Amino acid sequence: MVLRMAPFPSGGLHIGSARMIFVNDYYRTRYRGKLLLVFDDTIGSEEKRIDLALFDVILRDLEIAGATPDAVYYKSDRIPLFYPWARRVIDRGGAYVCRCPAELLRENRAKGQACGERAQTPGQTVDEWEKMLAGGYAQGEAVLRLRTDLHDPDPAFRDRVLFRISDLDHPRVGHRYRVWPLLEFSWAVDDIELGITHVIRGKDLVMEDRMQEHLWGLLGLHGPPFLHWGLLRLREAKISKSKSYLEVKSGQYDGWADPRTWSIASLDRRGISPEAMRKFTLSFGLSLADIEVPAETLYAENRAIIDATTPRRAFVEDPVRVDVDEYPPGLEHVPLANHPEQEHLGRREVAAGPGFWLPRADLARSAGAEVRLKDLMNIRLPPDIPAGAAGVRATFTTRENRKLPRLQWVGVEGAVPVDLLGLEGEHRSGIGEGALAQAGPRDIYQFERVGFVRVEADWRPGTGPVRVVFGHP
RNA sequence: GCUCCCGUAGUCUAGUCCGGUCAAGGAUAUCGGGCCUUCGACCCGACAACGUGGGUUCGAAUCCCGCCGGGAGCACCA
């Protein structure tokens with residue numbers, strides 16, 4: 001079994017590409033086949049530009065996803081290979097060189113009308129084709145078109161363009177070629193040349209199946225069967241690839257791993273395991289319906305994978321200093337379990353009061369009430385807590401574990417500043433318990449009552465606030 | 001407008017090819033309860049679906065036809 005993925009290098013791989021990645025990889029693994037990555041970097045268009053930096057971004061995304069290809073090809077290296085194939089199609093009368101403007105071509109297609117050029121003999125087409133290749137036509141002046149039935153019931157199928165002329169500068173091969181194949185033709189050739197046995201691709205390309213089969217029929221060949229999947233979207237990820245591209249390029253976004261892109265890399269950065277992405281994606285099968293799934297479903301998948309192995313830590317957002325009067329002796333430090341159920345994850349010694357940091361939002365809600373500092377003690381808060389209060393004095397009540405509102409807390413001693421990057425790209429500052437000072441890059445923690453977070457890959461102890469990215473609740 | 005594809009609970013999905021074992025299973029969400037010192041986990045329970053109309057049949061989610069709804073294509077993009 002030989003499969004292929006064919007992304008266009010105009011953006012990082014996003015969650016919508018997940019089906020391409022995981023479905024293909026699933027079959028490769030299951031049938032011990034090969035999975036090729038073929039960059040579909042024919043020249044594109046003015047609107048759809050190739051970005052050199054994106055080849056590596058995509059490669060890296062596939063690595064993250066655990067779907068490293070067995071081989072990598074660049075369509076732009078293979079252009080000369082397509083010319084002899086074009087010649088074979090022409091010789092069989094399957095194509096003609098058309099000099100109609102795009103506008104006229106479109107109108108004729110809609111009406112099922114032939115233009116004057118269509119009557120060309122293969123001999124005349126060869127001459128015109130040679131002229132195209134030799135530079136005898138300017139960009140947009142001539143194309144090689146497939147000859148189908150002009151009255152084909154599907155207007156989309158009538159006399160499609162196979163090759164066109166482009167003077168755009170290609171980031172890999174520059175101006176080495178002027179006559180470029182379109183996706184359909186290049187794949188009619190490469191699915192044969194590369195020995196692809198099964199084509200699994202998006203349903204936006206179903207019409208291309210017919211074109212490839214038409215070409216194969218013309219040449220007496222048999223190509224691989226086609227399978228398709230429908231569009232997959234996360235409800236929260238409204239952003240398009242091209243919009244992301246602009247934001248990343250302009251620096252509005254923090255690269256392709258910015259949480260707002262919902263790219264594979266961004267999910268990884270947030271601590272969502274590739275395994276969760278895989279299970280999530282494969283759970284949809286190969287359905288042809290376009291689906292929109294809440295990110296919560298992906299989060300649930302991830303929780304099931306990471307919850308049991310993820311240590312708990314205290315984080316207090318927008319902290320207010322609270323000093324507790326009548327603080328009981330001997331509670332300056334307490335041992336806490338790293339995980340409520342997984343004892344093998346051990347314990348850590350946590351600095352407690354009498355000075356604490358508590359979340360401003362919780363304090364505002366609980367003024368005058370007795371609250372429980374989780375795992376520690378109960379305190380009574382003063383009746384009045386001004387909105388901008390810098391410090392608050394509270395009073396110890398009991399240690400008895402009663403049903404009280406529970407707050408997480410951070411003891412003042414050894415507390416470390418934390419910068420939490422949120423899903424909208426916002427930075428939430430807070431303070432974390434001392435144990436976080438020894439966090440390692442890419443470590444995953446659960447901030448109790450906040451959610452799962454992952455330490456930034458480039459963070460090192462002693463370099464300022466602990467930088468983490470919010471994953472999910 | 002033309003062509004193709006898709007319609008099972010809020011969402012996603014199993015079942016449809018080969019009609020009965022489907023008074024439709026699972027996941028997620030929601031609601032209620034329990035439990036662990038998290039708003040997380042776990043346990044128990046509840047809610048909730050075959051788009052619609054006809055036909056075939058002893059029997060239809062499943063086969064046929066119409067309609068309705070949704071998506072994609074009709075680029076010298078991929």
Side-chain angles (χ1 to χ4, degrees), chain A residues 6-10 39-50 75 98-103 105-106 109-112 139-145 152-158 160-166 179-184 186-187 201-210 228 230-232 235 241-242 279-280 282-285 287-301 303-304 306-308 310 312-315 336-337 339-342 362 372-378 399-408 446-452 472-473:
Chain A
F8 183 74
S10 68
F39 283 110
D40 234 332
D41 64 333
T42 47
I43 194 67
S45 65
E46 210 68 57
E47 307 80 54
K48 214 161 188 168
R49 293 279 196 156
I50 299 160
K75 209 58 115 8
C98 179
R99 290 176 297 179
C100 300
E103 188 74 4
L105 195 150
R106 188 166 26 235
R109 177 138 55 210
K111 293 180 196 151
Q139 173 172 314
E141 247 182 12
V143 295
L144 184 71
R145 288 176 74 182
D152 190 282
D154 182 359
F157 188 68
R158 297 169 192 162
R160 302 279 301 195
V161 172
L162 265 22
F163 284 82
R164 45 44 198 276
I165 297 166
S166 175
V179 178
W180 292 88
L182 273 79
L183 168 148
E184 300 88 334
S186 72
W187 278 115
R201 62 183 173 192
K203 73 166 192 183
D204 49 322
L205 262 21
V206 285
M207 195 268 293
E208 280 70 11
D209 297 2
R210 263 194 87 193
H228 299 268
L231 205 72
L232 164 63
R235 183 158 299 159
K241 193 159 137 185
S242 51
K279 290 179 80 175
F280 171 76
L282 292 180
S283 75
F284 309 126
S287 85
L288 284 167
D290 292 337
I291 54 177
E292 185 177 87
V293 186
E296 181 55 43
T297 308
L298 173 61
Y299 300 160
E301 205 74 68
R303 245 181 246 125
I306 69 169
D307 183 71
T310 302
R312 271 51 176 170
R313 291 289 183 266
F315 165 79
L336 292 182
H339 192 291
E341 288 97 29
Q342 309 293 328
D362 284 329
R372 178 153 183 89
L373 303 185
K374 188 172 170 294
D375 301 309
L376 188 66
M377 63 175 63
N378 308 320
R399 292 203 62 197
E400 179 195 1
N401 177 24
R402 277 181 288 136
K403 287 267 179 204
L404 294 171
R406 291 191 176 109
L407 276 58
Q408 79 277 26
Q446 189 204 60
F447 282 175
E448 289 191 333
R449 299 180 66 235
V450 176
F452 292 89
H472 56 84

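These numbers come from the heavy atoms of this one structure, side chains and all, not from hydrogens, waters or symmetry mates. Lettering follows sequence order; numbering is per chain, from 1. The model shown is predicted, which means the values in this text are computed figures rather than measured ones.
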Can you sort out the partners of [X] under ring pair (Phe, Tyr, Trp, His ring centres under 6.0 Å), two or more places apart, ordered by chain and number?
X: A:H472; value: A:Y299, A:F452
X: A:F315; value: A:F447
X: A:F157; value: A:H214

For [X], what residues pass the side chain to side chain donor-acceptor pair (under 3.5 Å) criterion, not counting sequence neighbours?
X: A:D204; result: none
X: A:E296; result: A:R303
X: A:D152; result: A:R210

How many Å lie between [atom1] on [X] and [atom2] on [N], as a whole number?
X: A:I306; N: B:A41; atom1: CD1; atom2: P; result: 11 Å
X: A:L298; N: B:U11; atom1: CG; atom2: C1'; result: 14 Å
X: A:D204; N: B:C5; atom1: CG; atom2: C1'; result: 12 Å
X: A:E103; N: B:C74; atom1: CD; atom2: P; result: 15 Å
X: A:D362; N: B:U38; atom1: CG; atom2: C1'; result: 11 Å
X: A:L105; N: B:C74; atom1: CG; atom2: P; result: 13 Å
X: A:F280; N: B:U11; atom1: CZ; atom2: P; result: 15 Å
X: A:E292; N: B:G70; atom1: CD; atom2: P; result: 15 Å

Please tell me if the side chains of [X] and [Y] come closer than 4.5 Å, counting only heavy atoms from C-beta onward.
X: A:R160; Y: A:L182; result: no
X: A:R406; Y: A:N401; result: yes
X: A:I50; Y: A:F39; result: no

Just to be sure I understand the rule, does [X] reach a base, reach only the sugar-phosphate, or reach nothing, if contact means heavy atoms closer than 4.0 Å?
X: A:G140; answer: base
X: A:E208; answer: base
X: A:S166; answer: nothing
X: A:L183; answer: base
X: A:L205; answer: base

Quantified in whole Å, what is the [atom1] atom distance between nucleotide [N] and nucleotide [M]?
N: B:G25; M: B:U16; atom1: C1'; answer: 15 Å
N: B:C65; M: B:U57; atom1: C1'; answer: 16 Å
N: B:U8; M: B:C4; atom1: C1'; answer: 23 Å
N: B:U3; M: B:A61; atom1: C1'; answer: 28 Å
N: B:C39; M: B:G45; atom1: P; answer: 23 Å
N: B:G10; M: B:C31; atom1: C1'; answer: 13 Å
N: B:G32; M: B:C22; atom1: P; answer: 33 Å
N: B:G20; M: B:C2; atom1: P; answer: 37 Å

Every protein N/O lying under 3.5 Å from an N/O of nucleotides 27-30 of chain B:
residue : atom : partner : partner atom : Å
B:A29   : OP1  : A:E296  : OE2          : 3.1

Checking the side chain of [X] only, and the main-chain atoms of [Y] only, is there a donor and an acceptor separated by less than 3.5 Å?
X: A:D40; Y: A:K75; value: no
X: A:R109; Y: A:R158; value: yes
X: A:D290; Y: A:G230; value: no
X: A:R372; Y: A:E400; value: yes

Kindly give the atom pairs (protein nitrogen or oxygen, nucleotide nitrogen or oxygen) under 3.5 Å for nucleotides 63-69 of chain B.
none

A:D290 or A:V161: which one's nearest nucleotide on RNA chain B is closer to the 5' end?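 Result of the comparison: A:D290.
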
Between protein and nucleic acid, restricted to nucleotides 34-36 of chain B and to nitrogen or oxygen atoms under 3.5 Å apart, what atom pairs and distances do you find?
none

Of the nucleotides [options], which one has an atom closest to the side chain of [X]?
X: A:E184; options: B:A78, B:C76, B:U11; result: B:A78
X: A:K203; options: B:U13, B:G71, B:A78; result: B:G71
X: A:T42; options: B:U38, B:G71, B:A78; result: B:A78
X: A:A102; options: B:C12, B:U37, B:C76; result: B:C76
X: A:E47; options: B:G40, B:A75, B:C12; result: B:A75

Please report the closest heavy-atom contact between [X] and [Y], naming both atoms and the distance.
X: A:R99; Y: A:A142; value: CG-CB, 4.0 Å
X: A:D41; Y: A:W180; value: O-CZ3, 4.3 Å
X: A:Q446; Y: A:T310; value: N-CG2, 3.4 Å
X: A:F8; Y: A:T42; value: CE1-O, 4.0 Å

Please identify each residue that fulfils side chain to side chain contact (heavy atoms under 4.5 Å, CB included) with A:L288, with sequence neighbours left out.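 So A:L288 forms a side chain to side chain contact (heavy atoms under 4.5 Å, CB included) with A:K203, A:H228.
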
Is any side-chain nitrogen or oxygen of A:R109 closer than 4.0 Å to OP1 or OP2 of B:G1? no

With the criterion being N/O to N/O and under 3.5 Å, what pairs connect the protein with nucleotides 2-4 of chain B, and how long is each?
residue : atom : partner : partner atom : Å
B:C2    : O2'  : A:P153  : O            : 2.6
B:U3    : O4'  : A:P153  : O            : 3.4

Is there a donor on the side chain of A:R235 or the base of B:U11 sitting less than 3.5 Å from an acceptor on the other?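 Checked by distance alone, the answer is no.
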
Has the side chain of A:Q446 got a donor or acceptor atom sitting under 3.5 Å from an opposite partner on the base of B:U38? yes

Does A:R235, at its CZ atom, have more than 12 non-hydrogen atoms belonging to other residues, nucleotides or ligands within less than 6.0 Å?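 Enclosed.
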
Nucleotide-level pairing of RNA chain B, given in dot-bracket where Watson-Crick and G-U pairs need both distances under 3.5 Å and | marks other strands: (((((((..((((......[....)))).(((((.......)))))....(((((..]....))))))))))))....

